[in-house]
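Order of the sequence lines fixes the chain letters, A, B, ..., with proteins taken first and strands second; residue numbering starts at 1 for each chain. These numbers come from the heavy atoms of this one structure, side chains and all, not from hydrogens, waters or symmetry mates. Nothing here was measured: the structure is a model prediction, and the numbers come from that model.
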There are 2 protein chains.
Amino acid sequence: MRLLLIEDDRLIAEGIVSGLKKLGYHVEHCTTQNQATSALSTDTFQLLILDLGLPDGLAIPFIAKVKSAGLDAPILVLTAWDDVDKKVAALDAGADDYMVKPFDLRELEARIRVLVRRHQGRQSDELQWRNLTIDLATQDVRVDDEVVTLTRREWLLLKEFMLNPKRILSREHLESVLYGWDSEVESNAIEVHLHHLRKKLGRTLLRNVRGVGYILNQDYQGKEA
Amino acid sequence: MRLLLIEDDRLIAEGIVSGLKKLGYHVEHCTTQNQATSALSTDTFQLLILDLGLPDGLAIPFIAKVKSAGLDAPILVLTAWDDVDKKVAALDAGADDYMVKPFDLRELEARIRVLVRRHQGRQSDELQWRNLTIDLATQDVRVDDEVVTLTRREWLLLKEFMLNPKRILSREHLESVLYGWDSEVESNAIEVHLHHLRKKLGRTLLRNVRGVGYILNQDYQGKEA
DNA sequence: CGTCAAATTAAGGTTGGCTTAAGGCTAAAA
DNA sequence: TTTTAGCCTTAAGCCAACCTTAATTTGACG
């Protein structure tokens, strides 16, 4: 999951970035509107986190501009405690949620999950697909109510598939999920992880589309097929 | 748990600070509204303790301002005997409780607990999770009705986990619980405490999520699994 | 049947977590 | 004030989990 963070305070930004990275998000960080604009024009993001107190000011028109340009990713604005009034204008301009600085990182993560979830039209943090259930908050994975333990990479891959059922995910895409797009891997690491996933969750979990990628298998029957 | 104390009388403040620190609270102390404002703009607190007789006066509008800014932490006001009348105005302005000076430290602690509990939407000071019960008021810990004695740090960690079941708590977060966020610990102290916790309460108490943090283990079965 | 993508397996290296023990600190007791 | 006991931090070594790499086998498709 790719997020764009627009925050000029290095310290706060670093905290957010390192915290969210641990949870498996890929956070791109920039400090000005201009950088943000150019980032948006070249990459796509699932969510924007925007500090209302940016040095080049005028965050409100920026929100309006971005939203009217057709960006459909939700925007979460951060506002200093002593000018919370701006939040109203920001929400009017099209922001989807706000948080007052300072905040607890856990709360930020919770809101991100809520926004992304809402944007994808989901009701809860649980994703289900046939006999398989995963919990995005606790990283629990269950097959027919049996808990299965996954490693970090396995988890990230499975999550990506669960978030995109009925879609063929290319190997490059999966690599970007694990490593960001500046991937440096020159091996079949992805395949090995997928192999482990199949081993843990059932041989039929994933269907390979030769030369294209992988997709959740409609015929998946659980651990022992 | 972080508290902000706004109290100009050094002596009283010191008493409160040292008393609450012993109980595991992190108390930040300031003497003026301005200091308080700046503290609120950089840190988050679970509760504010505010002396109504501050030298720069006008504590009432301060309460109103803070509350209207969207701060959701409860406010406990302290008032001297000879102007208890102010308490009404304070409560009207948004304060959540009051105490008349002088007071017993234990009573203060009890009120803090009540306010925080209410704010978190809990019913009682007893938290239960599988075979484990802890009492926030008495600091009792029981596994299957057997009392277990914990040290201060162990208690604080366990409390944090019990207050956040189903959530992965990162090592940094746990450090901030023990030391405040200006933590200077460059060691594995957390791990050692967790080790002791597991030793006392059962090896299966905590599940490690590699690279992310720790979470209460759904499969916890008690002391001997 | 030949070719190439994908699956499998095993090895090696790295990282992160667990465990233990020693020493220092603090607070209570003498 | 000195002593003492309990608690905490530090550091080091060990172990296991995890990831990547690479070699080999399998299987799809022309």
Side-chain angles (χ1 to χ4, degrees), chain A residues 18 21-24 139 141 148-158 161 168-180 182-217 225, chain B residues 17-24 26 139 141 148-158 161 168-180 182-215 217:
Chain A
S18 79
K21 265 197 179 156
K22 268 203 178 160
L23 294 164
Q139 303 200 1
V141 176
V148 178
T149 308
L150 300 184
T151 70
R152 216 163 87 85
R153 303 253 126 115
E154 288 160 11
W155 160 255
L156 289 172
L157 289 174
L158 178 61
F161 280 110
I168 298 177
L169 303 182
S170 70
R171 188 169 328 196
E172 297 86 62
H173 177 78
L174 295 175
E175 277 174 7
S176 84
V177 167
L178 295 192
Y179 315 107
D182 34 321
S183 67
E184 299 263 343
V185 188
E186 290 289 325
S187 80
N188 60 347
I190 294 284
E191 283 161 7
V192 176
H193 291 306
L194 295 181
H195 175 61
H196 290 149
L197 266 180
R198 291 205 252 229
K199 215 167 184 177
K200 287 182 178 178
L201 299 172
R203 186 135 308 184
T204 59
L205 177 69
L206 299 167
R207 187 161 63 83
N208 168 258
V209 181
R210 202 180 169 85
V212 183
Y214 298 82
I215 185 174
L216 283 178
N217 189 343
Chain B
V17 169
S18 78
L20 292 179
K21 266 196 178 157
K22 272 187 195 155
L23 293 166
H26 293 283
Q139 302 205 356
V141 175
V148 178
T149 308
L150 299 184
T151 70
R152 210 162 68 89
R153 304 252 124 121
E154 288 160 12
W155 160 256
L156 289 172
L157 289 174
L158 179 61
F161 279 110
I168 299 173
L169 303 182
S170 70
R171 191 169 323 195
E172 296 87 66
H173 176 78
L174 296 174
E175 279 173 6
S176 84
V177 167
L178 294 192
Y179 315 107
D182 35 319
S183 69
E184 294 271 341
V185 187
E186 288 291 323
S187 80
N188 59 348
I190 294 284
E191 284 163 21
V192 176
H193 292 306
L194 295 181
H195 176 62
H196 291 148
L197 265 180
R198 290 205 251 230
K199 216 167 183 176
K200 288 181 178 179
L201 298 171
R203 185 136 308 186
T204 58
L205 177 68
L206 300 168
R207 184 163 63 87
N208 168 259
V209 181
R210 189 171 245 254
V212 184
Y214 298 82
I215 186 173
N217 189 343

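When the C1' atom of D:dA23 is taken as reference, atom CD of A:Glu191 falls 14 Å away, rounded to whole Å. To the nearest angstrom, C1' of D:dA17 lies 13 Å from CZ of A:Arg153. In this structure, CG of A:Leu157 is placed 14 Å from C1' of D:dT20, rounded to the nearest angstrom. The separation between B:Arg171 atom CZ and C:dG16 atom C1' is 7 Å, rounded to whole Å. Put simply, NE2 on A:His193 is 15 Å from P on D:dA22, counting in whole angstrom units. When rounded to the nearest whole Å, the span between CG of B:Leu194 and C1' of C:dG16 equals 14 Å. Taking atom CG on B:Leu156 and atom C1' on D:dC8, their separation rounds to 13 Å, with Å as the unit. Rounded to whole angstrom, the span from the CG atom of A:Leu178 across to the P atom of D:dC18 amounts to 15 Å.
With sequence neighbours left out, the salt bridge (Lys or Arg N to Asp or Glu O under 4.0 Å) criterion links A:Arg203 to no other residue. Under the side-chain contact (heavy atoms from CB on, under 4.5 Å) criterion, B:Leu156 pairs with B:Lys159, B:Val177, B:Leu178, not counting sequence neighbours. Scanning for side-chain contact (heavy atoms from CB on, under 4.5 Å) contacts around A:Ile215 gives A:Ile168, A:Arg207, A:Val209, with sequence neighbours left out.
Checking the phosphate oxygens (OP1, OP2) of C:dA7, a side-chain nitrogen or oxygen of A:Tyr214 falls inside 4.0 Å. Look at A:Tyr179 and you'll find a side-chain N or O under 4.0 angstrom from OP1 or OP2 of D:dT20. Between A:Thr151 and the phosphate of D:dC19, there is a side-chain N or O to OP1/OP2 separation shorter than 4.0 Å.
Nearest-nucleotide assignment on DNA chain D puts the 5′-proximal partner with B:Glu154, out of A:Arg152 and B:Glu154. Comparing B:Arg203 and A:Arg198 by the nucleotide of DNA chain C whose heavy atom lies nearest to each, the residue mapping closer to the 5' end is A:Arg198.
Inter-residue side-chain proximity for B:Leu194 and B:Leu205 is flagged as unmet; no heavy-atom pair is nearer than 4.5 Å. Side-chain contact between A:Val148 and A:Leu150 is present, with heavy atoms from C-beta onward closer than 4.5 Å. Taking the side chain as every heavy atom from C-beta outward, B:Tyr179 and B:Arg153 approach each other to under 4.5 Å. Looking at B:Val212 and A:Leu23, their side chains come closer than 4.5 Å, going by heavy atoms from C-beta outward.
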Collect all protein-nucleotide pairs involving nucleotides 25-30 of chain D in which both atoms are nitrogen or oxygen and the distance is under 3.5 Å.
{"residue": "D:dG27", "atom": "N2", "partner": "A:Arg210", "partner atom": "NH2", "Å": "3.3"}

- Readout for nucleotides 20-27 of chain C: B = base within 4.0 Å of protein heavy atom, S = sugar-phosphate only, - = neither; 5' to 3' it is B-------
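When all heavy atoms of A:Phe161 and A:Tyr214 are compared, the closest pair comes out as CE2-O, 3.6 Å.
Listed by first then second residue, pairs satisfying side chain to side chain donor-acceptor pair (under 3.5 Å) with a partner in residues 189-202 of chain B read B:Glu154-B:Lys200, B:Arg171-B:Glu191, not counting sequence neighbours.
Across all strands, A:Arg207 comes closer than 4.0 Å to no nucleic acid atom at all (heavy-atom distances).
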